[in-house]
Amino acid sequence: MKIIHNAEVVTWGAQPQLLSDHAVLIDEGLIVALAPSAELLAAHPQAERLDAGGQLLMPGNICAHTHFYGAYARGLGIPGAPPPDFPGILRQLWWPLDKALDADSVSASALVHLVDAIRNGTTTLIDHHASPNFIAGSLDVIGAAVEQSGLRAALCYEVTDRDGADKARAGIAENVRFIEAAAKGELAGGRLAALFGLHASLTLSDATLEACRAAVGDEVGFHVHIAEHEADQQDSLAKSGLRAVKRLQQHGILGPHSIAAHCVHIDEEEIAILAETGTWVSHQPRSNMNNGVGVADVEGLLAAGVRVVLGNDGFTQDMWSEWKTAYLLQKVHQRDPRAMNGMDIVRIAVDNNAALAAACFPRAPIGAIAPGARADLILVDYANFTPLTAGNLPWQMLFGFQERMVTMTMVAGEVLMRDGELTNLDEEQIAAEALALAPAVWERYEGFAKQAL
């Protein structure tokens with residue numbers, strides 16, 4: 001048993017509270033009790049004690065859509081003229097880069113993201129992987145990195161037709177294999193889950209979509225990009241006469257277990273379909289800005305009843321930066337300071353992300369501090385200089401929280417970082433090993449990128 005005491009507890013959950021000088025009792029990876037510090041300390045004198053020192057104790061952050069494999073894009077020079085649009089970025093950057101990855105670089109790219117997640121208090125991540133020259137076993141390699149880190153993650157492999165039918169079939173097989181292994185609930189002590197990865201409508205034929213749907217039962221969710229750029233809609237209309245959301249719906253890809261990333265260029269009918277099917281829509285504002293693809297109608301999606309969640313698309317695992325960008329982007333896009341209320345951000349990044357995480361890991365709640373919830377927790381050293389209340393906490397976070405305020409990260413009751421020091425991972429060694437692999441990865445990338453010009 002562990003007790004984290006002397007904490008200002010932010011409970012989140014259905015009725016968020018800010019509780020002064022409270023403590024949580026943790027046993028077997030779950031929160032057993034929440035009470036004033038003195039009460040829990042007196043009742044459990046033998047429990048291991050972690051003194052929060054008055055810091056904020058909160059549920060860990062959750063990322064609804066990321067790409068560990070993109071780590072080697074940082075600082076990478078793209079051959080030829082700069083890509084003028086997102087399809088060009090795919091052809092000149094991402095598709096050559098994913099071809100350049102092997103087992104070692106897949107592991108290294110995952111580990112550097114996992115280090116970043118621990119440091120920034122992101123305890124659950126939903127990853128979307130691609131490495132077409134290393135498919136079979138790729139999810140095991142990422143899973144081993146997640147197990148080593150102590151974090152919680154849901155993984156999938158990106159099926160696409162762009163590398164040929166054999167590799168599409170191999171991607172299907174990798175998803176099915178990992179889904180079956182994860183369903184037993186034993187991978188990384190239950191900290192690994194699985195979805196079925198798809199790239200996007202524009203690189204998937206009807207035959208491949210049918211094969212993916214037939215490969216798994218209705219209880220399995222898909223993780224797919226939708227309408228990140230207009231090209232996805234143009235391709236879908238050319239292939240089927242249907243817009244991308246409708247096409248994927250007809251193939252049985254949407255539903256309450258599935259995640260649709262981006263959804264920047266969708267219309268009202270598509271929004272209604274996403275709401276009716278209960279599909280999760282993941283918003284990644286920093287990536288959308290960087291790729292110049294446009295701005296998702298997040299408020300329209302919410303108003304229609306779509307379950308919007310927040311990811312980072314492989315940017316830093318500092319989710320508070322994504323919070324801030326999502327909050328500000330809608331205001332400047334609409335030229336209306338009333339757009340995107342701070343409580344909307346909490347609804348997306350806290351409530352909905354927690355519900356999605358719990359759907360991936362259904363045995364206990366995630367994202368709240370309450371008896372029975374998973375002990376995925378962080379301590380935040382926030383020195384507020386104005387009154388901090390449950391009512392103004394969202395705005396305190398949006399305007400005051402910064403990177404590296406997290407001093408402790410815990411998953412399933414195990415401390416992964418204490419006082420800013422990682423306990424499970426050697427950060428310097430991981431960075432050094434990733435750096436040593438980078439020249440060969442970049443050399444392979446450049447060869448594939450030049451072929452694409």
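Here the structure is a predicted model, which is why all the values come from computation and not from measurement.
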Check: Which atoms form the tightest heavy-atom contact between T208 and V159, and what is the distance?
Finding: CG2-CG1, 3.8 Å

Check: If only atom types and distance count, is the side chain of R307 paired as donor or acceptor with the main-chain N or O of L356 below 3.5 Å?
Finding: no

Notebook entry, point to check: Taking side chain as C-beta onward, heavy atoms only, is L254 less than 4.5 Å from W280?
Noted result: no

Check: Does the pair E446 and Q451 meet the rule for a side-chain hydrogen bond (donor to acceptor under 3.5 Å, both in side chains), with working shown?
Finding: CA-CA 9 Å; E446 187 170 351; Q451 292 174 20; over 6 Å; no

Item checked: Closest approach of C360 to I126 (non-hydrogen atoms, all atoms of both residues) -> SG-CD1, 4.1 Å

Notebook entry, point to check: Does the side chain of Q317 come under 3.5 Å of the side chain of H113 through a donor N or O and an acceptor N or O?
Noted result: yes

Item checked: Contact check, side chains of T407 and E421, non-hydrogen atoms, under 4.5 Å -> no

Item checked: Distance in Å, S201 OG paired with D235 CG, rounded so as to fall on 0.5 Å steps -> 6.0 Å

Note to self: Is the shortest side-chain heavy-atom distance between V224 and H199 below 4.5 Å?
What the structure shows: no

Next item on the list: May I ask you to say whether R374 pairs ionically with D376, meaning some side-chain N is under 4.0 Å from a carboxylate O?
Entry: no

Note to self: Using modelled atom types and a 3.5 Å cut-off, is there a donor and acceptor pairing between side-chain atoms of Y157 and backbone atoms of L198?
What the structure shows: no

Next item on the list: Check whether the side chains of E403 and T316 place a donor and an acceptor atom closer than 3.5 Å, and report yes or no.
Entry: no

Notebook entry, point to check: Is D232 paired with R243 through a side-chain N to carboxylate O contact shorter than 4.0 Å?
Noted result: no

Check: Quick one: which of F401, Y382, Y327, F399 gives a ring pair (Phe, Tyr, Trp, His ring centres under 6.0 Å) with W320?
Finding: F401

Check: So which heavy atom on I135 is nearest to which on A170, and how close?
Finding: CG2-O, 3.5 Å

Notebook entry, point to check: Under 3.5 Å, is there a donor-acceptor pair linking the side chains of Q284 and H262?
Noted result: yes

Check: Where do L388 and L56 land on the side chain to side chain contact (heavy atoms under 4.5 Å, CB included) test, with the steps shown first?
Finding: CA-CA 11 Å; L388 178 64; L56 294 175; 3.9 Å; yes

Notebook entry, point to check: Going from CE on M408 to CD1 on I118, what distance comes out if it is rounded to the nearest 0.5 angstrom?
Noted result: 12.5 Å

Notebook entry, point to check: Hey, is CG on D419 packed in by over 12 heavy atoms from elsewhere, all under 6.0 Å?
Noted result: no

Check: Are the side chain of Q334 and the backbone of K331 linked by a donor-acceptor contact shorter than 3.5 Å?
Finding: no

Margin query: When you compare the side chains of N290 and S287, does any donor N or O come within less than 3.5 Å of an acceptor on the partner?
Written below: no

Note to self: Assess whether a salt bridge exists between K239 and D161, defined as any Lys/Arg side-chain N lying under 4.0 Å from an Asp/Glu carboxylate O.
What the structure shows: no

Check: Considering only heavy atoms from C-beta outward, does the side chain of I430 approach that of V112 to under 4.5 Å?
Finding: yes

Item checked: For H128, all residues meeting ring-ring contact (aromatic ring centres under 6.0 Å, His included), sequence neighbours excluded -> H65, H67, H223, H225

Checklist line | Heavy-atom donor-acceptor pair, E433 side chain to A108 backbone, under 3.5 Å | finding: no

Margin query: What I want to find out is whether D318 reaches R119 closely enough, with some N-O distance under 4.0 Å, to be called a salt bridge.
Written below: no

Checklist line | Verdict with reasoning, V216 to I179, per side chain to side chain contact (heavy atoms under 4.5 Å, CB included) | finding: CA-CA 9 Å; V216 290; I179 287 166; 4.1 Å; yes

Margin query: One thing to verify: whether E174 and R177 come together as a salt bridge, which I'm taking to mean a side-chain N less than 4.0 angstrom from a carboxylate O.
Written below: yes

Check: Does N353 use its side chain to pair, donor to acceptor, with the backbone of I62 at less than 3.5 Å?
Finding: yes

Next item on the list: For G197 and N175, work out which heavy atoms get closest and say how close.
Entry: N-OD1, 3.2 Å

Next item on the list: Using side chain to side chain contact (heavy atoms under 4.5 Å, CB included) as the criterion, list what pairs up with T325, not counting sequence neighbours.
Entry: P285, R286, M289

Item checked: Interatomic distance, F222 atom CZ to I259 atom CD1 [nearest 0.5 angstrom] -> 12.5 Å

Notebook entry, point to check: Is there a donor-acceptor contact under 3.5 Å from the side chain of Q92 to the main chain of I89?
Noted result: no

Margin query: Let's go through L422 and V115 carefully: what are the C-alpha distance in whole Å and the side-chain angles of both, what is the deciding distance for side chain to side chain contact (heavy atoms under 4.5 Å, CB included) to 0.1 Å, and is it a yes or a no?
Written below: CA-CA 8 Å; L422 275 63; V115 166; 4.0 Å; yes

Next item on the list: Could you tell me whether the side chain of R191 and the main chain of R152 form a donor-acceptor pair under 3.5 Å?
Entry: no

Item checked: Nearest-0.5 Å distance, OH of residue Y445 to CH2 of residue W94 -> 9.5 Å

Margin query: Assess, by modelled atom type and distance only, whether the side chains of Q249 and T277 contain a donor and an acceptor separated by less than 3.5 Å.
Written below: no

Check: Side chains of D98 and S131: do they bring a donor and an acceptor to under 3.5 Å?
Finding: no

Check: Which atom names give the shortest non-hydrogen contact between P96 and A449, and what distance separates them?
Finding: CB-N, 3.6 Å

Checklist line | Heavy atoms of other groups near R404 CZ, more than 12 under 6.0 Å | finding: yes

Margin query: Just so I know, are the side chains of V441 and L97 near enough to count as touching, which here means a heavy-atom distance under 4.5 Å?
Written below: yes

Item checked: Backbone of S236 reached by a side-chain donor or acceptor of S240 within 3.5 Å -> yes

Next item on the list: Hey, could you give me the OG/CG distance between S109 and L437, rounded to the nearest 0.5 Å?
Entry: 9.5 Å

Next item on the list: Dump the intermediate steps for side-chain hydrogen bond (donor to acceptor under 3.5 Å, both in side chains) on H229 and D85, then the final yes or no.
Entry: CA-CA 9 Å; H229 183 271; D85 54 22; 5.1 Å; no

Check: Can any side-chain N or O of W442 pair as donor or acceptor with the backbone N or O of Y72 at less than 3.5 Å?
Finding: yes

Note to self: Minimum heavy-atom separation for S258 and T279, please, with both atom names.
What the structure shows: O-CG2, 3.5 Å

Check: Taking side chain as C-beta onward, heavy atoms only, is V106 less than 4.5 Å from D102?
Finding: no

Checklist line | Check: M319 and L310 side chains under 4.5 Å, non-hydrogen atoms | finding: yes

Check: Can you tell me how far the CH2 atom of W323 sits from the CD1 atom of I348, to the nearest 0.5 Å?
Finding: 10.5 Å

Check: With a 4.5 Å limit on heavy-atom distance, are the side chains of I226 and V245 in contact?
Finding: yes

Note to self: Test your reading of the model: is there a side-chain donor-acceptor pair from N392 to the backbone of W395, 3.5 Å cut-off?
What the structure shows: no

Item checked: side chain to side chain contact (heavy atoms under 4.5 Å, CB included) between L377 and L57, intermediate numbers included -> CA-CA 7 Å; L377 305 170; L57 178 66; 4.0 Å; yes

